[in-house]
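Notes follow once the structure below has been shown.
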Amino acid sequence: MGFLAGKRALIVGLATDRSIAWGIAQAMHREGAELAFAHIERMTDRVVPLARQLGSDLTFAMDVASDEEIARGFEHLRTRWQHFDVLVHAVAFASREALTGTFIDATSRDGFRVAHDISSYSLTALTRASLPFMAGRAAAVITLSYLGAARSIPSYNVMGLAKASLEANVRFLAADLGARGVRVNAISAGPIKTLSAAGIPGLRKMLGQVAAAAPLKRNVTIEDVGNAAAFLCSDLAAGITGEILYVDGGYSTVGMSFPADGDDQRS
Ligand code: NAD
């Protein structure tokens with residue numbers, strides 16, 4: 001029996017079979033969870049067959065930038081599920097302009113607002129909407145962050161600020177909800193080539209630098225992230241909340257990386 005047997009998970013942010021949400025969905029399904037998926041309207045044709053592969057016919061469109069769509073989405077969910085145990089928030093957005101060029105040149109008031117609204121506020125909104133379904137259960141919320149929350153990274157720009165906000169969001173939600181039995185954590189994943197990440201100029205260089213410098217000497221996969229997320233949302237992680245868990249091959253722990261027998265010994 002899997003370690004998520006008897007649990008139900010709502011997964012928000014599946015787009016394609018390269019999505020981190022797909023890695024998470026596969027791991028949670030393998031461990032016995034029953035799944036529902038909320039996605040943006042234009043991804044319906046991709047999400048429905050993926051959900052079916054994991055035995056789920058519970059999929060619905062929901063734009064997290066709209067309070068009305070969130071309310072409608074959870075009302076629809078209520079017609080099938082009276083309770084669930086896990087919320088997966090795998091959603092982020094910044095305009096291409098906001099991710100092109102330097103941070104100081106590319107960051108507009110509107111770009112800042114949109115990135116923070118969709119990538120951070122939506123966690124607060126979706127967690128609030130999930131609470132009635134989680135009452136009296138050992139429940140867990142998980143979101144996805146990136147190293148740009150804590151370090152400057154070329155082209156990541158305003159998304160780094162939005163991820164810093166998201167990580168603070170995790171800590172404040174964890175503090176509010178711990179007494180109700182709801183744990184809230186984030187995974188800070190290393191770079192992975194997904195639909196969203198493909199919009200970040202320099203992704204190839206990011207992948208190359210991580211593979212060269214990370215202790216594990218490789219990039220992480222959606223399976224690596226999915227397995228860690230499944231664990232964090234299971235009762236095996238009952239003592240963990242408010243945490244940012246790095247699943248990045250150890251990259252964030254390295255100060256510098258170069259061969260120990262480098263040229264400078266001779267100069
Ligand atoms: P993805 O493109 O597969 O997923 C992003 C999802 O966000 C998509 O399903 C998209 O439809 C959804 N989304 C965007 N705006 C939305 C809206 N208004 N309403 C509802 N959904 C909306 O890419 P991904 O890389 O799997 O991204 C998932 C999460 O992982 C994001 O938070 C991303 O920042 C984070 N992350 C990604 C990487 C990476 O390198 N790929 C690294 C660290 C963290």
Side-chain angles (χ1 to χ4, degrees), residues 10-26 37-47 50-51 59-70 72-73 88-96 98-99 113-123 125-126 129 141-151 153 155-167 169-170 186-211 219-226 228-229 244-249 251-252:
L10 170 63
I11 298 183
V12 186
L14 178 61
T16 73
D17 62 2
R18 292 182 158 217
S19 293
I20 290 177
W22 181 237
I24 296 174
Q26 287 180 297
F37 296 86
H39 56 86
I40 53 169
E41 183 97 59
R42 72 168 186 282
M43 285 297 163
T44 305
D45 290 348
R46 294 224 199 189
V47 171
L50 288 173
T59 62
F60 56 95
M62 183 172 77
D63 182 338
V64 303
S66 155
D67 288 339
E68 292 71 38
E69 289 215 13
I70 293 174
R72 209 176 313 134
V88 177
H89 174 273
V91 171
F93 179 79
S95 67
R96 189 169 284 269
L99 301 176
R113 183 190 61 72
V114 169
H116 283 73
D117 182 7
I118 297 179
S119 314
S120 179
Y121 175 71
S122 64
L123 178 69
L126 295 184
V141 176
I142 186 112
T143 186
L144 276 307
S145 189
Y146 179 57
L147 186 61
R151 312 252 191 281
I153 293 185
S155 298
Y156 203 64
N157 293 357
V158 73
M159 190 53 87
L161 281 70
K163 291 300 192 192
S165 164
L166 180 72
E167 292 187 3
N169 207 331
V170 164
I187 288 176
S188 182
I192 301 175
K193 194 170 179 203
T194 61
L195 205 58
S196 299
I200 303 169
L203 176 70
R204 272 227 328 258
K205 286 185 187 138
M206 287 161 89
L207 290 166
Q209 222 175 85
V210 169
N219 284 285
V220 293
T221 63
I222 62 169
E223 287 75 25
D224 292 325
V225 179
I244 314 297
L245 177 66
Y246 281 78
V247 179
D248 67 346
Y251 181 78
S252 62

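Keep in mind that this is a model prediction, so the values were computed, not measured. Numbers here are sequence positions counted from 1. Every number for a ligand or one of its atoms is a count from 1 in the order of the listing.
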- Note on the structure: Those residues at least two apart in sequence (or on a different chain) that pass side-chain contact (heavy atoms from CB on, under 4.5 Å) with Lys193 are Arg18, Leu203
- Using a 4.5 Å cut-off on heavy atoms from C-beta on, say whether the side chain of Met159 contacts that of Tyr146. no
- Item | Flag if over 12 foreign heavy atoms under 6.0 Å of CD, Gln209 | no
- Query: Is the shortest heavy-atom distance from the side chain of Val114 to the side chain of Ser95 under 4.5 Å?
  - Reply: no
- Query: Which ligand 1 atoms are under 4.0 Å away from a heavy-atom of Met62?
  - Reply: 19 (N), 20 (C)
- Query: NE2/His89 to CG/Leu144 distance, rounded to the nearest 0.5 angstrom?
  - Reply: 9.0 Å
- Atoms of ligand 1 less than 4.0 Å from Pro191 heavy atoms? 40 (O)
- Looking only at N/O atoms, are Ala197 and ligand 1 under 3.5 Å apart anywhere? no
- Item | Heteroatom distance test (Arg18, ligand 1): nitrogen or oxygen, under 3.5 angstrom | no
- In the protein, which heavy atom is nearest to atom 18 (N) of ligand 1, and how far is it? Asp63 OD1, 2.8 Å
- Item | Protein heavy atom at shortest distance from atom 43 (C) of ligand 1 | Ser145 O, 3.1 Å
- Task: Could you tell me whether some N/O pair between Gly13 and ligand 1 is separated by less than 3.5 angstrom?
- Result: yes
- Any side-chain heavy atom of Met62 sitting closer than 4.5 Å to one from Val91? no
- List for me each residue that meets side-chain hydrogen bond (donor to acceptor under 3.5 Å, both in side chains) alongside Asp248, sequence neighbours excluded, and say none if there are none. Ser252
- Minimum-distance pair of heavy atoms, taken over all atoms of Ala38 and Leu10: N-CD1, 4.2 Å
- For Val220 against Gly190, the heavy-atom pair lying closest together: CG2-N, 3.8 Å
- Task: Please could you name the atoms of ligand 1 that Gly190 approaches to less than 4.0 Å, counting only its heavy atoms?
- Result: 40 (O), 42 (C)
- Query: Relative to the heavy atoms of Leu195, which atoms of ligand 1 are at a distance of less than 4.0 Å?
  - Reply: 2 (O)
- Message: Show the atoms of ligand 1 that are less than 4.0 angstrom away from any heavy atom in Leu14.
- Response: 9 (O)
- Query: Quick one: nearest non-hydrogen protein atom to atom 35 (C) of ligand 1, plus distance?
  - Reply: Leu144 CB, 3.6 Å
- N or O contact, Ile118 vs ligand 1, cut-off under 3.5 Å: no
- Do me a favour and list the nearest non-hydrogen protein atom to atom 2 (O) of ligand 1 with residue, atom name and distance? Ser196 OG, 2.5 Å
- Task: Report the nearest protein non-hydrogen atom to atom 14 (C) of ligand 1: residue, atom name, distance rounded to 0.1 Å.
- Result: Ala92 O, 3.5 Å
- Query: Judging by distance only, is a nitrogen or oxygen of Lys163 under 3.5 angstrom from one on ligand 1?
  - Reply: yes
- Query: Which atom pair, heavy atoms only, marks the closest approach of Ser145 to Ala149?
  - Reply: OG-CB, 4.0 Å
- protein heavy-atom neighbour closest to atom 38 (C) of ligand 1 works out as Ile20 CD1, 3.8 Å
- Item | Top protein contact for atom 7 (O) of ligand 1, by heavy-atom distance | Val91 CA, 3.6 Å
- Task: Tell me which one of Leu147, Val247, Ile192, Val47 gets a heavy atom nearest to atom 39 (C) of ligand 1.
- Result: Ile192
- Task: Ignoring hydrogens, just give me the one of Ile200, Val64, Leu203, Asp17 whose non-hydrogen atom is nearest atom 19 (N) of ligand 1.
- Result: Val64
- Message: Could you check whether any side-chain N or O of Thr143 sits under 3.5 Å from a backbone N or O of Ala186, counting only pairs where one atom can act as donor and the other as acceptor?
- Response: no
- Task: Measure the shortest side-chain to side-chain distance between Ile187 and Ile20 over non-hydrogen atoms and say whether it is less than 4.5 angstrom.
- Result: no
- May I ask you to test the Asn219-Ile192 pair for a side-chain heavy-atom distance under 4.5 Å? no
- Item | His116 and Val158, any side-chain heavy atoms less than 4.5 Å apart | yes
- Task: Look at atom 20 (C) of ligand 1 and say which protein heavy atom is nearest, naming residue and atom and giving the distance to 0.1 Å.
- Result: Ile40 CG2, 3.2 Å
- Which ligand 1 atoms, with their elements, are less than 4.0 angstrom from a heavy-atom of Ser19? 1 (P), 3 (O), 26 (O)
- Query: Which of the numbered atoms in ligand 1 are below 4.0 angstrom from a heavy atom of Ala15?
  - Reply: 8 (C), 9 (O)
- Item | Polar contact flag for Thr194 and ligand 1 (N/O pairs, less than 3.5 Å) | yes
